[in-house]
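The structure appears below as structure tokens.
What you see is a predicted model, and the numbers here were worked out from it, not measured in a lab. To find a chain, count down the sequence lines: A is the first, B the second, and so on, and within it residues start at 1.
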Protein chains: 2
Amino acid sequence: MGTRSIKEVAELARVSVGTVSNVLNRPEIVSPATRERVFQAIRELGFVRNEVARHLRVGRSRTVGLVVLDVSNPFFADVAQGAEGPADEHDTMVVLCNSGADPVRERRHLDQLEQQRVLGILITPVDAASPRLTELAARGTPVVLVDSAASGAQCSVAVDDRLGGRIAGEHLIERGHRRIAFIGGPPSIKQVADRHAGVMSAVEAAGDGVELVACAMPTLSFDTGRRAGERLAAMPPGERPTAAFCANDVVALGFLQAMAARGLRVPADMAIVGYDDIEFAAAAAVPLSSVRQPRELLGRTAIELLLEEVTESERHRHRQVIFQPDLVVRASSEPRRGG
Amino acid sequence: MGTRSIKEVAELARVSVGTVSNVLNRPEIVSPATRERVFQAIRELGFVRNEVARHLRVGRSRTVGLVVLDVSNPFFADVAQGAEGPADEHDTMVVLCNSGADPVRERRHLDQLEQQRVLGILITPVDAASPRLTELAARGTPVVLVDSAASGAQCSVAVDDRLGGRIAGEHLIERGHRRIAFIGGPPSIKQVADRHAGVMSAVEAAGDGVELVACAMPTLSFDTGRRAGERLAAMPPGERPTAAFCANDVVALGFLQAMAARGLRVPADMAIVGYDDIEFAAAAAVPLSSVRQPRELLGRTAIELLLEEVTESERHRHRQVIFQPDLVVRASSEPRRGG
DNA sequence: AGATTGTTTTGAATCGTCTCAAAGACCGGC
DNA sequence: GCCGGTCTTTGAGACGATTCAAAACAATCT
């Protein structure tokens, strides 16, 4: 194998290993002549520092793991992108891990990250209450919850999903809808549960005559949305809800597609509001109304909290940051024609 | 810090460190009684194996890096998902790194991955000809190019982009278009150049009367598509191409949005063909015709090649796998009404 | 020349785990 | 009580980089 060690560099440059290490880490303390000789040897051998050994000795990695529910949801791509800026500045590497909303895979990723002794973990958990998360923190791997509020024992960055759900619900009610569907994923996912609770509170506040039809699906995918859409489309027009609030935009886009396929008009026959306001929402068949979240800001803030925790380790106080969502109204929920 | 070492476990279980290591790695060779005692100690201390130290000793990591051009492009999410299956089976972890098509960031990721001595790297390079890639391989980190054909010195998995471009071009020409725009990204990206060359060859084969208007943009984003769309929309109708072939679907979706915003009808005023056939393509304002790539299969095959290379190390022969794309025709390029 | 101070360089110890030759335990048979 | 043969367990090196006390060297002043 072509990997060279610091020792070989030392031999070639005719200095001790300590000196090579110094050249690598504190070049200013070694004399220009020696330094140059070492650099020369490094170049000649194609030496690449073994970060693993370094990490073992130093005891701290320069990698943080970001575990997301679904890499293929652009929402998470944006969160990841937001995290990369501050990470770069602290020359830290962000690695993305996909749990696919599967507790088993999430577990495996967490195990692996802990075993690798990463600097810390940013995670959108499948189950925020899982003891695994607090265990991690207790054993020395700081964890920041992303898009999910923590209860005090750890840092978190979230958006008020209840509020988001309520805003969406109020908007649809105001537009004259009386029978509203909530297309959600597994209620074990906090975001889903909160958005549901939010829209529910709006419906309840509107009093009699307005009702919510919950449609819990097993996942939060495009296909899920499509299937839910087909199910609703198959209902007799009298019973069918006239509006749907989808737990996220990916689901909403699938739902929208099903409407088109079944010949239902959006928003005339079915109004739709999504969640996240991903870039594609505006570009959909019918531009999608959506509850906007500050995606990049979530990622950015999360990693800042993590780095803060790592730096101040001693006197660190966990913080729970909460952002406010807002509604972006587009064609998919324009005023209904026939009140 | 709450991290325990194998030594502490050994003390508590009153065995030697070697035995603990055996329990961890080859439990069958240690007697049931001792094994149980060790497990007990592990549980009691909350011991988590330090993968870093293990890796240093064993010399081989169980992580592979997947470096992509753009995490927020669902195409790459699907490739990543494809890679995860076989990876799991070899209990290997796939970490996703985003170069954002920026050579500097790509470089930084590669450096970091090499320093971490990962098992190997899957990469969709910004520049496939970069010497960095062969250096890596020469120094012992196997590299498999993804979605980009290698010239023999390494493994690669790709889709025939020239063919894809040609198919798209032929399709539009057959539909009666005589002035076709190619909306591309930086030609330094191999995929873009090949797709361009492909559509160009179709146009040339069609002979006089058909022409290609190349529109090279700096990036391959949604916004790029939108800007290109606006630029074309601003052209006088006589000069304006009647069809656009976009270098990927994300660009195509942006382009489509610009058409809608400027009041141009798709496909009547402007036909569109995208590339990748991401899930959202079918769900767009006007369902998008697109050149389909076997996304998951790309990822799956790439990691299989990598694992193969790692396993057979000695007698490994690099392979270049090439898949065929095919065209999925949807509304955005339906036959033109007025021939 | 010797003492003093400051600058460079050295090299042994260390991080946590794995490996493997060797030692130990145990058993049945004589 | 000893022998040969299985099973188990042991513990002393690695692995590659960092650290830091101490040694070596250089420059300046008496």
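Every residue meeting the side chain to side chain contact (heavy atoms under 4.5 Å, CB included) condition with B:S99, not counting sequence neighbours, appears here in chain and number order: B:V67, B:L69, B:E106, B:V126. Take B:L12 and apply the side chain to side chain contact (heavy atoms under 4.5 Å, CB included) test, not counting sequence neighbours, and it matches B:A41, B:E44, B:L45. Scored by the side chain to side chain contact (heavy atoms under 4.5 Å, CB included) test, B:E304 finds B:P86, B:R300 as partners (sequence neighbours excluded).
Comparing the end axes of the helix from C:dA1-D:dT30 to C:dC30-D:dG1, each fitted to five base pairs by superposing C1' atoms of four pairs onto the next four, gives an inter-axis angle of 60° (nearest 10 degrees).
A side-chain contact (heavy atoms from CB on, under 4.5 Å) with A:V79 is found for one member of A:V146, A:T124, A:V157 and no other, namely A:V146. Applying side-chain contact (heavy atoms from CB on, under 4.5 Å) to A:S21 and the options A:L24, A:V17, A:N25 leaves one that passes, A:N25. A salt bridge (charged side-chain N to carboxylate O under 4.0 Å, His left out) with B:E114 is found for one member of B:R108, B:R107, B:R132 and no other, namely B:R132.
Between A:Q40 and A:R37, the side chains place no donor N or O within less than 3.5 Å of an acceptor N or O (distance only, hydrogens not considered).
Between A:E51 and A:R62 there is no salt bridge, since no side-chain nitrogen of the basic residue lies less than 4.0 Å from a carboxylate oxygen of the acidic one.
As judged by a 4.0 angstrom heavy-atom cut-off over every strand, A:S31 is placed among residues touching the sugar-phosphate backbone only.
B:A87 and B:I303 make their closest contact through CB-CD1, 3.6 Å (heavy atoms, listed as atom of the first residue, atom of the second, distance).
Shown here is A:R319, whose CZ atom has no more than 12 heavy atoms of other residues, nucleotides or ligands within 6.0 Å.
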Review point. Using a cut-off of 4.0 Å between protein heavy atoms and nucleotide atoms, how would you tag nucleotides 12-22 of chain D 5' to 3' with B, S and -?
Key: -BBBBBBB---
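The span of DNA chain C lying next to chain B, judged by atoms under 4.0 Å from heavy atoms, is bounded 5' to 3' by C:dG16 to C:dT19.
In this model, the phosphate group of D:dT9 is not approached by any side-chain N or O of B:T19 to a distance below 4.0 Å at OP1 or OP2.
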